[in-house]
There are 2 protein chains.
Amino acid sequence: MKYQKIKPFIKHSNSRNYKRGEIIYAQDSLPTSLYFIESGTVGLFHNSSNGKEVFLRVFGKGSIFGHRSYFANSPYHANSMALGNTSIIIISNEECQRICKEHPELLMEMVSQLAVDLGQAELRLAGVHDKTVAQRVSESLVFLKLRYPDQVWTRKEIADFSVTTFESVARVMTLLAENNIIQKNGRDFIINDLEKLINFNI
Amino acid sequence: MKYQKIKPFIKHSNSRNYKRGEIIYAQDSLPTSLYFIESGTVGLFHNSSNGKEVFLRVFGKGSIFGHRSYFANSPYHANSMALGNTSIIIISNEECQRICKEHPELLMEMVSQLAVDLGQAELRLAGVHDKTVAQRVSESLVFLKLRYPDQVWTRKEIADFSVTTFESVARVMTLLAENNIIQKNGRDFIINDLEKLINFNI
DNA sequence: CGTTAGTTTGAGGCAGATCAACTTTGGTGG
DNA sequence: CCACCAAAGTTGATCTGCCTCAAACTAACG
């Protein structure tokens, strides 16, 4: 969901800056606001009791986040964390309610966004069952690199996004590099053959 | 999302009956309507190219379904299938659009529902990573039996809901029965100890 | 240039999938 | 109402993809 559509209607808001690794809101806490990214990137990470982490969604410049829990009216099911220097605009509950009431056309926008996200989440769920780790990692590389070309993703982040371990990501990436499908560049990488990367397996 | 909230606004609709196993709409086809369950139960099953199936959501009497793809404006990502004799009311696209326009308060209802469903889908995604098959199967038994006590779920359906195989479900259920946590009753089962079932592992 | 966080690679183990053979269930039609 | 049979379930044996643990290496930042 894009900030630009809502921006004209906002009368009051606060702004805050975060550095890489800082938590913007914490899993299990209650939502009180909506968040917008003025600049930077934010990741949504679910942490389970046994220490495993899953990277649920990424938000870039101009995106709204924190809306799922806000509208579900339930505690956050994940931490939101800055993935670099990030500037966030915070809209209070009162302001959100006013805007929703005065501009119902934005609700349809929100319905549409959530419907798309639900579809993606369910396809990822199915993907864990029917795709190999190599396939999931390859797809994650495509998604993360094309959507956020300036972000240097760690193996851990790619692993959490692919629902696997960072060792498995390292192995797949070594294999991809050996086949010239990607090219490692320090901790970063570039995609040499997008077609092969999309269809990679074993 | 409950039919009762929308029912008063519907002027035109069609009705159709389905028997167990019949497909109501097919994965990859385009949504043209919204569906309501007058009686019966409907399952949403994603099928992947390699033949694996994942049971994404269940809908009971009074529920709306087909709304995710409808509002995402994208092809269905799963088959919807009658899980028993089921009577469905079909609302055309034109009728949906009219109702959405005339009754924006329903949109907030839809936002809320989708936000809850997205949270559940993402927690299931995380669960595949951080829970054992025994835990996932136990949770599925709790959910499916408490929510739909009259439905006799096959091992395959429970497996697809738990993102595992029917053999694994059979093994877990045998173990649960040996510990008197559940009791098998033909193909059905009853829950003897809900607390232990919720927290079951290994 | 030292330190720390991140990465690579190997070896080994195991949870759960797969394959296979057999049993049970419950609906159907004679 | 019972006999039949296809569909569903059970159970054992085996296999394997991926995780885990470990150890050495390297990039990046102050």
Handout entry: Phosphate OP1/OP2 of D/dC19 contacted by A/Thr164 side-chain N/O (<4.0 Å)
Key = yes
Problem - Within 45° cone and under 6.0 Å: A/Arg124 NZ/CZ vs A/Phe161 ring - result: yes
Practice task
Could you check which residues of residues 126-138 of chain B get a heavy atom under 4.0 Å from DNA chain C? Sort them by number, please.
Solution key: B/Thr132, B/Val133
Exercise for the section: Any chance you could measure B/Ile88, atom CD1, to B/Arg16, atom CZ, to the nearest 0.5 Å? Expected result: 10.0 Å
Practice task
Quickly, which of A/Asp188, A/Leu197, A/Ile182, A/Ile190 forms a side-chain contact (heavy atoms from CB on, under 4.5 Å) with A/Lys145? Name it, please.
Solution key: A/Asp188
Problem - Ring centres under 6.0 angstrom apart (A/Tyr25, A/Tyr35) - result: yes
Exercise for the section: Using whole Å, report how far NZ of B/Lys19 lies from P of C/dG27. Expected result: 15 Å
Exercise for the section: Heavy atoms under 4.0 Å is the rule here; annotate nucleotides 2-8 of chain C 5' to 3' with B where the base is hit, S where only the sugar-phosphate is, and - elsewhere. Expected result: ---BSSB
Handout entry: Nearest-0.5 Å distance, CD1 of residue A/Ile99 to CD of residue A/Glu94
Key = 11.5 Å
Practice task
Rounded off to whole Å, could you give me the CD-to-C1' distance for the B/Gln151 and D/dA8 pair?
Solution key: 15 Å
Handout entry: Separation between CG of B/Leu56 and NE2 of B/His46, rounded to the nearest 0.5 Å
Key = 7.5 Å
Practice task
Quick one: pull up CG in B/Leu114 and CZ in B/Arg68 and give me the separation to the nearest 0.5 Å.
Solution key: 9.0 Å
Handout entry: Gap between atoms CG and P, on A/Asn50 and D/dT20 respectively (whole Å)
Key = 9 Å
Problem - Nearest-nucleotide 5' precedence on DNA chain D, A/Asp188 against A/Lys52 - result: A/Lys52
Exercise for the section: Measure from CG on A/Leu175 to P on D/dC18 and round the result to the nearest Å. Expected result: 12 Å
Practice task
Establish, with yes or no, whether the OP1 or OP2 oxygen of C/dA17 is under 4.0 angstrom from a side-chain nitrogen or oxygen of B/Thr165.
Solution key: yes
Practice task
Could you check whether the rings of A/Tyr148 and A/Trp153 sit parallel, tilted or perpendicular, using 30° and 60° as the cut-offs?
Solution key: perpendicular
